[in-house]
Peer 1: 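Below you'll find the structure I mean.
In each ligand, atom 1 is the first atom listed, and ligand 1 is the first ligand listed.
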Amino acid sequence: MSQEFNITVLPGDGIGPEVIREAVKILRIVEAKKNLKLHLTEAPAGGAAYDATGHPLPEATLNTAKEADAVLLGAVGGPKWETLDFALRPERALLGLRSNLGLFANLRPAKIFAPLVEASTLKPDVVEGLDIMVVRELTGGIYFGEPRGVETLADGSRRGINTLVYTDSEIERIAKVAFDVARKRGKNVCSVDKANVLECTGLWREVVTETHEDYQDITLSHMYVDNCAMQLVRNPKQFDVIVTTNMFGDILSDQASMLTGSIGMLPSASLGGKNAMYEPIHGSAPDIAGKDIANPLAAILSVGMMFKYSLNLEDINVVLEKVVDEVLKQGYRTGDILSKGMKEVGCIAMGDRVAEELEKRLS
Ligand code: IPM
Ligand code: MG
């Protein structure tokens, strides 16, 4: 009997639909080759949903996401919606999905593919062999803390407020995820905070240290976020797993992505709830949308993570990474990772190259 899975597909805005189309190609190939039954339900999210329904995360979209085994998301946002009230902005769809699905643990692997060592803006010996996993807390911290907003004071001046909040249980559960992830990798966790200034992350440091007592096989270190940002470009290979707050993780994962050549390469998995969500870490890149030049590899590698964490086919993730490596070795590059002597291809052609190689490997 074939295994059946329900997958909610949320292409979103900008280059989202383009990269998701290529990712779905890959899903369909694996479905056929591995004799699976994948039920894909597409739904609007982000600016596209706002335009169609007046809300970035319509109830129907949230409901299909809740019922699915896994959610695949492209990207949301764009200048068209930037003047909307915060509650109606495309980004709210993403934040709403994360919190409503309880996806508190965001895994963002920054792994360099050997053929791309030259595409990094850092020297080859600094990034060669780089393999970092950023574990970002995703449903708490300053992204969700109350009070928040902009208020007008009696004298007519305005004041903007956001609040950094973490409870000990929120910290403990993300620390456990990081230690468990590290156990299957280099057994090294660096917890990143700003404990010298922010009380909340002082608590973070304390709770991570306490949680570590049950993980004596893992080496734990702590680092302030400013130092971490510096170390990431100075000597990134010192890191194995980085665990950090929602906002620090947002920033450091973009930085880590660039070490690998392009933000267009990095997938992510958001775990911790009944199901899970997979998305490239890049944004909607409205400036290149609709031109067939976006890099679909992050979306394709996100499908790999979906097979690993949601669809019980860990080997597909391994195969997909090999296939991407092979296609890069053959010299195919989208514009963001292009270097001299390489063959420039568009989003669709890159998807086709990966699809062809994958078919060969799975047959
Ligand atoms: C990300 C993005 C989002 C975030 C935005 C689009 C809300 O930057 O997934 O990293 O800040 O989490
Ligand atoms: Mg980000």
Peer 1: Can you list the atoms of ligand 1 that are under 4.0 Å from a heavy atom of R98?
Peer 2: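 Result: 1 (C), 4 (C), 9 (O), 12 (O).
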Peer 1: With the threshold set at 4.0 Å, does a side-chain nitrogen-carboxylate oxygen contact exist between D315 and K308?
Peer 2: no
Peer 1: Should you measure from each heavy atom of R136, which atoms of ligand 1 turn up under 4.0 Å away?
Peer 2: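 Numbered from 1, ligand 1 contributes 1 (C), 4 (C), 9 (O), 10 (O), 11 (O), 12 (O).
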Peer 1: Check whether R159 reaches the backbone of E151 with its side chain - one donor and one acceptor, N or O, closer than 3.5 Å.
Peer 2: no
Peer 1: Looking only at protein heavy atoms, which one is nearest to atom 3 (C) of ligand 1, and what is the separation?
Peer 2: L94 CD2, 4.0 Å
Peer 1: Please determine if the Mg ion (ligand 2) has an N/O/S atom from D254 lying under 2.8 Å away.
Peer 2: no
Peer 1: If you measure from atom 1 (C) of ligand 1 to every heavy atom of H282, E279, M247, R108, which option wins on shortest distance?
Peer 2: R108
Peer 1: Can you name the N/O/S atom of D250 that is nearest the Mg ion (ligand 2)?
Peer 2: OD1
Peer 1: From the options L301, T334, V354, D352, select the one residue that forms a side-chain contact (heavy atoms from CB on, under 4.5 Å) with P296.
Peer 2: T334
Peer 1: What protein heavy atom sits nearest atom 10 (O) of ligand 1, and how far away is it?
Peer 2: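 Answer, as residue, atom name and distance: D250 OD1, 2.8 Å.
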Peer 1: Are any of the side-chain nitrogens in E344 or R333 under 4.0 Å away from the carboxylate oxygens of its partner?
Peer 2: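 No, E344 and R333 are not salt-bridged.
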Peer 1: Between E356 and R353, does any side-chain N to carboxylate O distance fall below 4.0 Å?
Peer 2: yes
Peer 1: Is the H39-F5 ring centre distance short of 6.0 angstrom?
Peer 2: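 That pair fails the under 6.0 Å test.
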Peer 1: Backbone N or O of K194 within a donor-acceptor pair of the T201 side chain at under 3.5 Å?
Peer 2: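 Answer holds: yes.
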Peer 1: Relative to the heavy atoms of E91, which atoms of ligand 1 are at a distance of less than 4.0 Å?
Peer 2: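 Under 4.0 Å from E91, ligand 1 has these atoms: 6 (C), 7 (C).
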Peer 1: Among protein heavy atoms, which sits nearest to atom 4 (C) of ligand 1, and what does the distance come to when rounded to 0.1 Å?
Peer 2: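 It is Y143 OH, 3.5 Å.
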